[in-house]
Every structure is written in structure tokens, then in C-alpha cells.
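Below is one structure, written out as C-alpha cells; comments come after it.
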Amino acid sequence: MNSALDILTLLFFVIAVVVYLRLRSVLGRRTGNERPYDQYSASEADEKAVHDNVVTMKGEPLPAEEELDDETFAKRLKEIAPDNADLAGKLQEVAQADRSFDPKHFLDGAKAAYEMIVTAFASGERKQLKSLLSREVYDSFASAITEREKNGDTIEFNFVGISSADILDAELTDKTVQITIKFVSELISATRNRGGEIVEGSMSQIREVTDIWTFARDTSSRDPNWKLVATGAEA
């Protein structure tokens, strides 16, 4: 009886080994079509996180057959610069250097960038600012945040909205485009000291702010994003 049981056990063992070897030969075999692991390539989740934090101030590159025709582009220019032939001519020059440039899409993106930047500055989010500002502007913003933290001050901030955003000037130098915009925004802000007392601003009053900002982009770069390269106030 025990001898028969041992033979049966041995038989099952042999069958199990054969099945294992066959499965291994199929599942473990490389076909040559596997995607090699690249430690420098971002995962889909990482790429989404990066793109979600970037404001593209231009239209996505259009297929050649869908590029804006002269008539359509002229209508867009009329919306952006209705009474400024000089500005319209400069924007036309930008479009010739970058066929995917759309002044309306650019202005919409600039508005979004403006809100992101002023909000990130108020909350001290250096990482977000770094992706949207030139090195010089970032250093200036970061220095102000550091000084604020050193003094123990905090900012309460509520962005109400943008009343208007108008392109004032456009300049193409070599491959670099710079576009200057006048923003008029409404916001509520107050600066509190270490003791929680308001030392500047008010949380009960909406304040109108005018900013003159310049964005720049290298048209020869594959990076579609613009960065803030200069800030100022209305003279």
C-alpha cells in the first residue's frame, strides 16, 4: 500500500515539474519586443504631474493643413490689437517666427500664469514659481519670500479675478520673443506678523492692482512654455 502511494506521489511530482518547466519556457521567454527600462524617462504619472504644473501660453502646434490662415489670424489680431497697427505688425512678426503662435491662446495662458504666480508668491510655493519664472525673477521672488519668513510674517490671500489683460508690446530678437502685458486684477490680501496682527492690507477690502509683466520664449526650442522675465508697475 505504501509502495503504491510512493509511486503515485512520485508521478504527481514529475508531472508538476514538467508543467513548471513548460510554463517557464513560455512566460519567461523574451520575444525581443519588450520595452527596455529607462531610469531617465518619466512615468505617465510623473509626466502628468509636470504638465499639470506648466502653463502653455500658446496654441498647440497645428498640423500644416490646419494652420491659421491669414484671414483668421487677422481677425484674432483685431480682437487683441483693434486700434494699434504697430502692435498688430509685431504680433504678425512673432507668428511668422512661430507658426503655432495664436495671440488669443497666448493671452488666455498668460492670465492663468498670472493667477498661479501671484498665488504661489503669497503662499511661498517656491517650487511652482521656479517652473514659471526666469532665473533672475525667481531669485527676486524667492528673496522676498525668505525675508518674509525670517520676519515671521504670513500672507492671507484671496485672488478675486482679472479685470483686464492687454498686450502692450511684442519684440522678436534673434529667436527670442518677448511679450509685455498689462494686468489689472482684483485681490484681497493682508500681511500678519508673528503675533497674528495685520500689519499691511485688509481681508475685508478688495484691492485693485496693476502689473506690467513681460513673458519670453525661445522659438527655436521645442519647449512650448513661456516664462516671466520682467515685472513692473504702471508708470
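No hydrogens, no waters, no symmetry mates; every other heavy atom, side chains included, goes into these values. These numbers come from a predicted model, not from an experiment.
- Although no hydrogens or angles enter the test, the distance criterion places no donor-acceptor pair under 3.5 Å between the side chain of N151 and the main chain of D153.
- The minimum heavy-atom distance linking L107 with A165 is given by the pair CD2-O, 3.6 Å.
- Within the structure, every pair that satisfies the salt bridge (Lys or Arg N to Asp or Glu O under 4.0 Å) test and touches residues 161-181, not counting sequence neighbours, is listed here: K90-D169.
- Note on ring orientation: taking the six-membered ring where Trp is involved, the planes of F141 and W213 are perpendicular (angle over 60°, cut-offs 30° and 60°).
- Between V229 and A216, the shortest heavy-atom distance links the atoms CG1-CB, 3.6 Å.
- One finds the CG atom of D218 at 3.0 Å from the OG atom of S220 (value rounded to the nearest 0.5 Å).
- Pairing each heavy atom of A81 with each of L87, the nearest pair is CB-CD2, 3.8 Å.
- A110 approaches I181 most closely through the heavy-atom pair CB-CD1, 3.4 Å.
- Note on residues 131-145: pairs passing salt bridge (Lys or Arg N to Asp or Glu O under 4.0 Å), not counting sequence neighbours, are R135-D139.
- One distance of note links OG1 of T173 with CD of Q178; it measures 6.5 Å at 0.5 Å rounding.
- Residues V160 and I188 are in side-chain contact: their nearest non-hydrogen atoms beyond the backbone lie under 4.5 Å apart.
- The aromatic rings of F106 and F215 sit perpendicular to each other, their planes meeting at more than 60°, with 30° as the lower class boundary.
- Note on residues 179-195: pairs passing salt bridge (Lys or Arg N to Asp or Glu O under 4.0 Å), not counting sequence neighbours, are E156-R192, K182-E234.
- A122 is linked by a side-chain contact (heavy atoms from CB on, under 4.5 Å) to I155, F157, counting only residues two or more places apart in sequence or in another chain.
- With rounding to the nearest 0.5 angstrom, the CZ atom of R207 is 4.0 Å from the OG atom of S189.
- Across all non-hydrogen atoms, the minimal contact from A97 to L172 is CB-CD2, 3.7 Å.
- Among all heavy-atom pairs drawn from W226 and V177, the shortest one is CH2-CG1, 3.6 Å.
- Within the structure, side chain to side chain donor-acceptor pair (under 3.5 Å) pairs that include any residue of residues 113-122 comprise Y114-S185, Y114-D211 (at least two apart or interchain).
- Of the inter-residue distances, the one linking T191 atom OG1 with M203 atom CE reads 10.5 Å to the nearest 0.5 angstrom.
- For T214, the side-chain hydrogen bond (donor to acceptor under 3.5 Å, both in side chains) partners two or more places apart in sequence, or in a different chain, are T180.
- With rounding to the nearest 0.5 Å, the separation of OG in S140 from CZ in F121 is 8.0 Å.
- The structure places CG of L132 at 5.0 Å from CE of M116, a figure rounded to the nearest 0.5 Å.
- Judged purely by distance below 3.5 Å, without hydrogens or angles, the side chains of T176 and R217 never pair a donor atom with an acceptor atom.
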